J.: 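Here's a structure for you.
Lettering of chains follows the sequences in order, A, B, ..., and the numbering in each one begins at 1. Keep in mind it's a predicted model, so treat the numbers as computed, not measured.
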There are 2 protein chains.
Amino acid sequence: MGLRHAVLAALCDEEYSGYQLAKAFDVGVANFWSASPQQLYSELTRLEQAGLISGREVVQLDRPNKRVFTVTPAGLEELAKFAAADSKPLSFRDDLLVKIQVIDQLDPEPVIAQLEERAAEASAKLELFGQILLRLRGDLDEQTFLRRGEQIGPYLTCLGGIRFQQVVRDWSTTTAEVLRQRRGTS
Amino acid sequence: MGLRHAVLAALCDEEYSGYQLAKAFDVGVANFWSASPQQLYSELTRLEQAGLISGREVVQLDRPNKRVFTVTPAGLEELAKFAAADSKPLSFRDDLLVKIQVIDQLDPEPVIAQLEERAAEASAKLELFGQILLRLRGDLDEQTFLRRGEQIGPYLTCLGGIRFQQVVRDWSTTTAEVLRQRRGTS
DNA sequence: CATGACTAGTCAATTTCTTGGGTAGGGAAC
DNA sequence: GTTCCCTACCCAAGAAATTGACTAGTCATG
């Protein structure tokens with residue numbers, strides 16, 4: 001039931017079609033979850049059948065029509081119940097960390113390349129998230145916005161995403177450097 | 001096939017029984033992956049059938065006997081292939097972030113409590129990871145160990161785990177504070 | 001000497017996720 | 001004018017993960 005609530009949360013912000021949601025969740029721009037398009041389409045169908053969201057056809061002239069979804073009062077209630085319940089412990093899963101764990105038994109070259117690639121991705125996300133922050137808080141400064149702004153939820157998650165990506169970038173960079181240095185000396 | 005390689009990586013470090021692995025993966029002490037006991041037992045069976053690990057019965061007098069597993073040469077090869085291949089992009093999933101995303105529409109109280117709980121968990125892990133670091137590097141200082149130590153893989157992943165948990169702790173704390181302040185003024 | 005807690009492991013049902021397709025119309029590139 | 005990419009959505013098979021059991025022996029607590 002994880003995706004269910006993530007989708008509801010995303011739709012709280014604004015209307016989305018399945019395709020638009022897929023874009024957001026795919027890149028992880030919705031920096032609190034990630035999912036494949038197929039998962040999203042089927043989840044949207046189930047949510048609509050459960051009456052937690054409702055769809056609306058939008059006619060488009062220059063491209064195929066789409067259905068956009070909004071959260072119903074029942075959906076909001078579901079979210080409220082979800083928020084009040086305990087969160088499941090944060091569990092972490094990452095291929096690249098697994099590779100680093102056993103790096104001493106392996107050829108480090110390809111892993112170094114992957115670390116650098118990841119650092120670059122993290123930089124790109126940092127840029128993107130920075131822009132989103134600016135857009136969200138408008139012309140207020142952060143302190144003021146957080147105290148008196150109207151919609152601080154997305155801002156707070158974005159702040160978390162930024163801190164996380166900073167760690168990813170920095171750790172990847174320094175780890176790659178450590179491995180590169182050892183390559184030279186061994 | 002994610003768990004498969006995570007288990008192989010864990011067994012590279014030292015022999016483990018299913019139960020011991022479960023403990024490590026459950027807490028996420030193996031700070032690069034997490035999995036339930038059932039998953040681990042079935043994965044171990046499959047890995048043994050595939051010849052990537054081999055089991056050995058250990059007779060214990062004061063408690064039930066156990067089977068401990070080691071990685072075979074074929075298993076190491078599998079890991080090497082895995083490390084050389086591209087990593088799948090890091091995908092993030094967290095209940096608590098979802099709740100924060102829609103916090104403006106919800107009662108913040110229970111979420112604040114959850115943030116504080118998570119901060120406490122992160123602190124505990126930081127303590128634990130710090131001890132692991134010390135144990136891993138022995139009496140060398142970090143610089144020297146990273147340059148000339150023999151087994152730096154687990155150390156590097158642990159460093160990553162620490163940075164990550166720091167972000168979790170700090171973000172949770174400041175976010176809880178922001179929400180608490182707004183509660184007062186609204 | 002019963003109760004609960006810990007070690008050690010297994011089975012089965014269900015849900016969730018991933019993978020790899022397929023349909024269909026529009027616009028741009030070459 | 002054909003090939004490619006983008007929007008928009010759907011289906012189904014199979015892999016992986018979660019959930020909730022259940023067996024069985026040891027040890028400590030009261």
Side-chain angles (χ1 to χ4, degrees), chain A residues 1-8 15-28 30 33-50 53 55-69 82 85-95 98, chain B residues 1-8 15-28 30 33-50 53 55-69 82 85-95 98:
Chain A
M1 298 288 177
L3 183 56
R4 172 180 223 99
H5 299 114
V7 170
L8 279 174
E15 284 185 333
Y16 279 106
S17 70
Y19 189 76
Q20 291 173 304
L21 262 188
K23 287 284 145 196
F25 274 74
D26 181 38
V27 200
W33 208 268
S34 58
S36 65
Q38 290 74 3
Q39 241 182 303
L40 290 167
Y41 281 118
S42 58
E43 194 61 48
L44 284 172
T45 312
R46 255 173 301 172
L47 280 167
E48 197 181 20
Q49 274 165 4
I53 60 175
R56 181 171 69 80
E57 185 90 9
V58 172
V59 178
Q60 298 183 117
L61 298 172
D62 52 339
R63 59 191 70 179
N65 295 345
K66 62 181 179 182
R67 300 196 64 213
V68 296
F69 296 91
F82 162 69
D86 281 354
S87 301
K88 38 183 79 158
L90 173 54
S91 75
F92 202 76
R93 285 167 185 192
D94 180 14
D95 268 14
V98 173
Chain B
M1 296 286 178
L3 182 57
R4 170 179 225 103
H5 300 113
V7 170
L8 279 174
E15 286 185 334
Y16 279 106
S17 70
Y19 189 76
Q20 291 173 304
L21 262 188
K23 287 282 146 200
F25 274 73
D26 181 37
V27 201
W33 207 269
S34 58
S36 66
Q38 292 74 4
Q39 242 182 302
L40 290 166
Y41 281 118
S42 58
E43 194 62 47
L44 284 171
T45 312
R46 257 174 299 174
L47 279 167
E48 198 181 19
Q49 275 165 5
I53 60 175
R56 181 171 70 81
E57 185 89 12
V58 172
V59 179
Q60 298 183 118
L61 298 171
D62 52 338
R63 60 190 71 179
N65 296 346
K66 63 181 177 181
R67 301 196 64 214
V68 296
F69 298 91
F82 162 68
D86 282 353
S87 300
K88 36 184 80 156
L90 173 54
S91 74
F92 203 76
R93 284 169 186 193
D94 181 13
D95 269 13
V98 173

J.: Report for the helix from C:dC1-D:dG30 to C:dC30-D:dG1: angle between first-end and last-end helix axes, five pairs each, rounded to 10 degrees.
T.: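 The angle, to the nearest 10 degrees, is 30°.
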J.: Please report the shortest heavy-atom distance between A:Trp33 and A:Phe25, naming the atom on each side.
T.: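 In terms of heavy atoms, the two residues are closest at CB-CE2, 3.8 Å.
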J.: As a test of understanding, state which of A:Leu47, A:Val7, A:Val68 forms a side-chain contact (heavy atoms from CB on, under 4.5 Å) with A:Ile53.
T.: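 Answer to the side-chain contact (heavy atoms from CB on, under 4.5 Å) test with A:Ile53 among A:Leu47, A:Val7, A:Val68: A:Leu47.
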J.: Go through the structure and list residues passing side-chain hydrogen bond (donor to acceptor under 3.5 Å, both in side chains) with B:Gln60, not counting sequence neighbours.
T.: none
J.: For residues B:Ser17 and B:Lys66, report the shortest heavy-atom separation together with the two atoms involved.
T.: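 For B:Ser17 versus B:Lys66, the nearest heavy atoms are CB-CD, 3.9 Å.
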J.: Nearest whole angstrom, please: distance from the P of C:dG25 to the CG of A:Leu61.
T.: 16 Å
J.: Can you tell me how far P of D:dA8 sits from CD of A:Glu15, to the nearest Å?
T.: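 Going from CD in A:Glu15 over to P in D:dA8 covers 13 Å.
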J.: Assign a letter to each nucleotide of nucleotides 6-22 of chain C from its 5' end: B, base within under 4.0 Å of a protein heavy atom; S, sugar-phosphate only; -, no contact.
T.: -BBBBB----SSBBBB-
J.: Side chains of B:Gln39 and B:Glu43: does their closest heavy-atom pair fall under 4.5 Å?
T.: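 No, too far: nothing below the 4.5 Å cut-off.
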J.: List for me each residue that meets side-chain hydrogen bond (donor to acceptor under 3.5 Å, both in side chains) alongside A:Arg4, sequence neighbours excluded, and say none if there are none.
T.: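 Applying side-chain hydrogen bond (donor to acceptor under 3.5 Å, both in side chains) to A:Arg4 gives none.
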J.: By salt bridge (charged side-chain N to carboxylate O under 4.0 Å, His left out), which residues pair with A:Arg67, not counting sequence neighbours?
T.: A:Glu48
J.: Go through the structure and list residues passing side-chain hydrogen bond (donor to acceptor under 3.5 Å, both in side chains) with B:Ser87, not counting sequence neighbours.
T.: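 Partners of B:Ser87 under the side-chain hydrogen bond (donor to acceptor under 3.5 Å, both in side chains) test: A:Lys99, A:Gln114.
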